[in-house]
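To start, the structure under review is shown below, and the notes come after it.
Counting begins at 1 with the first residue of the sequence.
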Amino acid sequence: MSEIMNMSLIEKRRSEIEAELKELNERISALKMEMGELDIAARVIGRLTGTEVAKDVRGEDKSGSALTIRQMIKAALMDARQRGLPGMRPQEIRAFIKLTYRQDVRQQINTTASRMWHDWKEIEKDEASGRFYLPKEKPVDDASLETPSTGSDSNPEPDREGGRGGDAT
């Protein structure tokens, strides 16, 4: 009987550790995302003030950009918000990314932005104009760390065109 009790104690502790690891991994992902956002903000401020920032705050070269498509889309939409624009169409996001990050992302913008809007609820879309935009700011709390926005792209079909809400231009 005590052997069964010992095994249940082990399984209980194993479950506790797994839950704690999951929480820590989510927190690490959120912090990595924030670091990427800080790098983006530094580059945007540098561009706006005319003091281009080629390195992030940790001194790592970002010319090859380790940012995900999702992070670059959010940076484009943040730039639009700061400039008072009502959002951006996929072709405008593509142009921003090409100019800012020197990357040609082609139709990945259509698919990824549509998923960010429809599936992951990370951005919003004005369906009449086809413009994507950032949602209104929400207060940061523990629940916001559990969103699917971890900065990783889970886009298994990067060259797929269109998609729901996609703009083929």
Side-chain angles (χ1 to χ4, degrees), residues 26 29-57 60-169:
E26 289 171 356
S29 294
L31 291 171
K32 284 181 178 180
M33 177 88 169
E34 185 175 352
M35 288 297 282
E37 290 169 349
L38 291 171
D39 293 342
I40 292 167
R43 281 192 300 280
V44 169
I45 290 170
R47 190 177 69 248
L48 294 174
T49 61
T51 57
E52 281 291 320
V53 179
K55 296 179 182 275
D56 68 13
V57 293
E60 296 173 6
D61 184 13
K62 285 293 185 181
S63 58
S65 184
L67 298 175
T68 66
I69 299 293
R70 288 164 70 179
Q71 289 172 321
M72 290 187 279
I73 289 171
K74 286 181 181 181
L77 298 178
M78 177 59 77
D79 182 70
R81 175 185 280 174
Q82 290 171 343
R83 292 187 293 135
L85 299 175
M88 296 176 98
R89 291 185 182 95
Q91 64 266 29
E92 296 167 324
I93 296 170
R94 247 189 317 280
F96 174 91
I97 291 172
K98 190 168 191 170
L99 179 68
T100 305
Y101 303 105
R102 293 170 179 76
Q103 288 191 20
D104 187 10
V105 290
R106 303 179 192 225
Q107 297 302 317
Q108 287 176 311
I109 293 304
N110 297 2
T111 304
T112 305
S114 292
R115 287 181 180 170
M116 290 172 71
W117 162 63
H118 186 260
D119 298 339
W120 302 318
K121 313 289 188 238
E122 293 178 339
I123 60 176
E124 296 182 12
K125 181 179 182 182
D126 178 349
E127 293 189 65
S129 69
R131 293 179 187 274
F132 291 100
Y133 59 95
L134 293 175
K136 299 289 182 209
E137 295 294 323
K138 296 183 216 168
V140 176
D141 60 5
D142 290 339
S144 67
L145 296 177
E146 296 178 16
T147 65
S149 176
T150 60
S152 63
D153 285 342
S154 54
N155 184 359
E157 304 173 54
D159 293 328
R160 192 182 100 209
E161 294 185 19
R164 180 185 163 112
D167 184 351
T169 57

Is any side-chain heavy atom of [X] closer than 4.5 Å to a side-chain heavy atom of [Y]?
X: Phe132; Y: Met116; result: no
X: Glu37; Y: Gln71; result: no
X: Leu67; Y: Arg43; result: yes
X: Trp117; Y: Glu127; result: yes
X: Met33; Y: Lys74; result: yes

Any chance you could measure [X], atom [atom1], to [Y], atom [atom2], to the nearest 0.5 Å?
X: Arg102; Y: Thr100; atom1: CZ; atom2: OG1; result: 8.5 Å
X: Leu134; Y: Leu77; atom1: CG; atom2: CG; result: 5.0 Å
X: Met88; Y: Arg131; atom1: CE; atom2: CZ; result: 9.0 Å
X: Ile69; Y: Ile109; atom1: CD1; atom2: CD1; result: 5.0 Å

Problem set entry | Residues Arg115, Glu122; criterion salt bridge (Lys or Arg N to Asp or Glu O under 4.0 Å); working and verdict | CA-CA 9 Å; Arg115 287 181 180 170; Glu122 293 178 339; over 6 Å; no
For this session: Output all residues satisfying side-chain contact (heavy atoms from CB on, under 4.5 Å) with Leu85, sequence neighbours left out; order by chain, then residue number.
Result: Ala80, Arg83
Exercise. Looking at residues at least two apart in the chain, or sitting in another chain, which of them share a side-chain contact (heavy atoms from CB on, under 4.5 Å) with Tyr133?
Worked result: Glu124, Asp126
Problem set entry | Any residue meeting side-chain hydrogen bond (donor to acceptor under 3.5 Å, both in side chains) with Glu34, in chain and number order, not counting sequence neighbours | none
Exercise. Given the rule in the salt bridge (Lys or Arg N to Asp or Glu O under 4.0 Å) test, do Arg106 and Asp104 qualify, once you have shown the distances and angles that lead to the verdict?
Worked result: CA-CA 6 Å; Arg106 303 179 192 225; Asp104 187 10; 3.4 Å; yes
Exercise. Should Ile40 and Met78 be marked as a side-chain contact (heavy atoms from CB on, under 4.5 Å) after you check the CA-CA gap, both sets of side-chain angles, and the distance that decides it?
Worked result: CA-CA 10 Å; Ile40 292 167; Met78 177 59 77; over 6 Å; no
Exercise. Okay, side chain of Arg81, backbone of Pro135: is any donor-acceptor separation there less than 3.5 Å?
Worked result: yes
For this session: Say whether, by atom type as modelled, one donor and one acceptor occur between the side chain of Gln82 and the main chain of Asp79 under 3.5 angstrom.
Result: no
